[in-house]
Amino acid sequence: MTVFRAWYSLSRRSFSTASSSSSCPLHVCIVGSGPAGFYTADKIVINQFSRVAQHERCSFFGNVMLGSALSLSELRELYHVVVLAYGAESERDLGIPGENLKGIHSSREFVWWYNGHPDCRNLNPDLKKTDTAVVLGQGNVALDIARILLRPKTELASTDIADHALSALEESSIRKVYLIGRRGPVQAAWTAKELREILGMKNLHIKINQADLLVTPVDEEEMKKSRIRKRTYELLSKAATAAATESSHPGPGPRELHLVFFRKPDQFLESDERTGHVSGVQLEKTILESDGTGRQIAVGTGQHEYLHCGMVVKSIGYKSVPVEGLPFDHQKGVVPNIRGRVLTHASREESQSEPGLYVCGWLKRGPTGIIGTNLQCAEETVGSISEDVVKGQIAIATGSKAGGEGLRQLLEARNVKIVPFKGWEKIDAEEKRLGSERNKPREKLVSWEDLLAVGTT
Ligand code: NAP
């Protein structure tokens, strides 16, 4: 659903909903309008996301940045319950030499670029000076990126990819993409449906080193415990066998996807010809060792190899960013919580929960899971809210809160341009209208000016 559009779902922008109790209405504010936020509202209100936003007891406040338009403490003054569901707006670093060279992008930037997020529309990845891109990490985001880089441009043209990205990809000279994992094929983080999609792409040569597919008894155990791991491993084995047959009868199409395992990036190397630009990645071969908790981790062997490339995307996971006044566990990159109740301190066992403050989604459990995972996550958080209301731990009795009306007044006094849900619908309609002129599902508005011009009139 288009409500996942990045500028709502990936920013700390809020909508709020007020639900009535017998005497005094309980005012609930949910910050974030991605799946976690909407599933949280759904448990409180109704089924469909857009119907939630249109519900008479729900007010949608788009384009409101928590932390700059208003503070968390101000929000908590206005509402009995605040649920933070604003996801993960930053990314993990590798912390290896050369990470700042030009031509190295984070997956967040790259995905935001091709999805038309205004903050990354000027990323301009250079796709013309190299035939090789390296994607580090083997999760679903890495697969998405490889697919965008390798998909025939005629197919991309009929999707809702941002126009600037389509133009750049049409001129791209990238023909080879390396997807590199520090662990083995059994441990790769992608899921079967997404892996099958890329392995099934037409005219794409899949390259997998057969030796990487050998499994140990520990791998076998892992596969017994996880159907996903087993399924993805089988898909890779099948693809490797098919590729081995194909190499003796090479088909048409010059594009290649290399799935490389047991390699961890060690350093990025600078080009001699293009100062400040990446020319390759040094990889260290790895083996797997148990970390004592049943998980196998990658350990370097001291053997290195060099992979030449002109572009790198680091797809090693996202990271949440705290706002002022929000307890945060920097090591885990999440808000400390028990079943969605925010804890005052990250590490203290006797830690108290913050009254009326809850989390949901990636901010609560870290950047994992598919969209549906947020449904269970929201159910748990809403369960905690309900229990706390019943136990009288939410201060409804101490008086009414200003809720959405108070929020509106505060934002208007600060000249914040609020995008109501009707404005969101206008943006949606305008993008679809522009798309229909070009046989696309939509043509995205990719600047804040254009979005606000349509969404606030
Ligand atoms: P992810 O699934 O956590 O994958 C991250 C990858 O990066 C893993 O292969 C991980 O390897 C690797 N990695 C992490 N730190 C590393 C390091 N320091 N050096 C080398 N490799 C490192 O993250 P994601 O791909 O960003 O996806 C985030 C979530 O969104 C996932 O739950 C994903 O399923 C979901 N998603 C779903 C869809 C979909 O349903 N279509 C699409 C996109 C994303 P290790 O395993 O060794 O740590």
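Keep in mind that this is a model prediction, so the values were computed, not measured. First listed ligand is number 1; within each ligand, the first listed atom is number 1.
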Sort out for me which residue in R182, R229, E222 forms a side-chain hydrogen bond (donor to acceptor under 3.5 Å, both in side chains) with Q187.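 So the option named by the test is E222.
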Using the side-chain hydrogen bond (donor to acceptor under 3.5 Å, both in side chains) rule, pick out the option among K444, R438, R121 that qualifies with D163.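 Answer to the side-chain hydrogen bond (donor to acceptor under 3.5 Å, both in side chains) test with D163 among K444, R438, R121: R438.
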Which residue and non-hydrogen atom of the protein lie closest to [atom], and at what distance in Å?
{"atom": "atom 14 (C) of ligand 1", "result": "I316 O, 3.4 Å"}
{"atom": "atom 17 (C) of ligand 1", "result": "R182 NH1, 3.4 Å"}
{"atom": "atom 9 (O) of ligand 1", "result": "Q138 N, 3.0 Å"}
{"atom": "atom 2 (O) of ligand 1", "result": "A189 CB, 3.5 Å"}
{"atom": "atom 24 (P) of ligand 1", "result": "V141 CG2, 3.6 Å"}
{"atom": "atom 30 (O) of ligand 1", "result": "W362 CZ2, 3.5 Å"}
{"atom": "atom 35 (C) of ligand 1", "result": "G369 O, 3.5 Å"}
{"atom": "atom 39 (C) of ligand 1", "result": "E194 OE2, 3.6 Å"}

Can N124 and W113 be said to form a side chain to side chain donor-acceptor pair (under 3.5 Å), step by step? CA-CA 8 Å; N124 296 329; W113 170 72; 5.0 Å; no
Show the numbers, then the answer: is there a side chain to side chain donor-acceptor pair (under 3.5 Å) between T191 and N140? CA-CA 7 Å; T191 47; N140 281 333; 2.9 Å; yes
Best match, V135, N140, I228: closest heavy atom to atom 37 (C) of ligand 1: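 Checking each option, the heavy atom nearest atom 37 (C) of ligand 1 is found in N140.
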Return the option from D144, I180, I370 holding the heavy atom at the smallest distance from atom 43 (C) of ligand 1.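 The residue whose heavy atom sits nearest atom 43 (C) of ligand 1 is D144.
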Of all heavy-atom pairs between S315 and V135, which one has the smallest distance, and what is that distance?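 Heavy-atom minimum between the residues: CB-CG1, 4.0 Å.
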Between D388 and R339, is there a salt bridge with N-O shorter than 4.0 Å?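 Salt bridge: no.
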What part of T191, side chain, backbone, both or neither, has a heavy atom within less than 4.0 angstrom of ligand 1?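 For T191, no heavy atom sits under 4.0 Å from ligand 1.
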Which bit of L143 gets closer than 4.0 Å to ligand 1, counting heavy atoms only: side chain, backbone, both or neither?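 Near ligand 1, L143 shows nothing, with every heavy atom at 4.0 Å or more.
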Does [X] come within less than 4.0 angstrom of ligand 1, counting non-hydrogen atoms of the residue?
{"X": "L94", "value": "yes"}
{"X": "P367", "value": "yes"}
{"X": "S315", "value": "yes"}

Any side-chain donor near an acceptor of the partner, K314 and S107, under 3.5 Å: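 On atom types as modelled, these side chains do not qualify, holding no pair under 3.5 Å.
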Can you establish whether the number of heavy atoms outside K153 located under 6.0 Å from its atom NZ is more than 12?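 Yes, the 6.0 Å shell around NZ holds more than 12 heavy atoms from other groups.
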Can you tell me if CD on Q376 sees more than 12 non-hydrogen neighbours from other groups inside 6.0 Å?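 No, the 6.0 Å shell around CD holds no more than 12 heavy atoms from other groups.
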Between Y306 and H304, does a ring-ring contact (aromatic ring centres under 6.0 Å, His included) hold up when you go through it step by step? CA-CA 7 Å; Y306 172 76; H304 293 92; over 10 Å; no
When you compare ligand 1 with R183, is there at least one nitrogen or oxygen pair between them that comes in under 3.5 angstrom?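 There is such a contact, yes.
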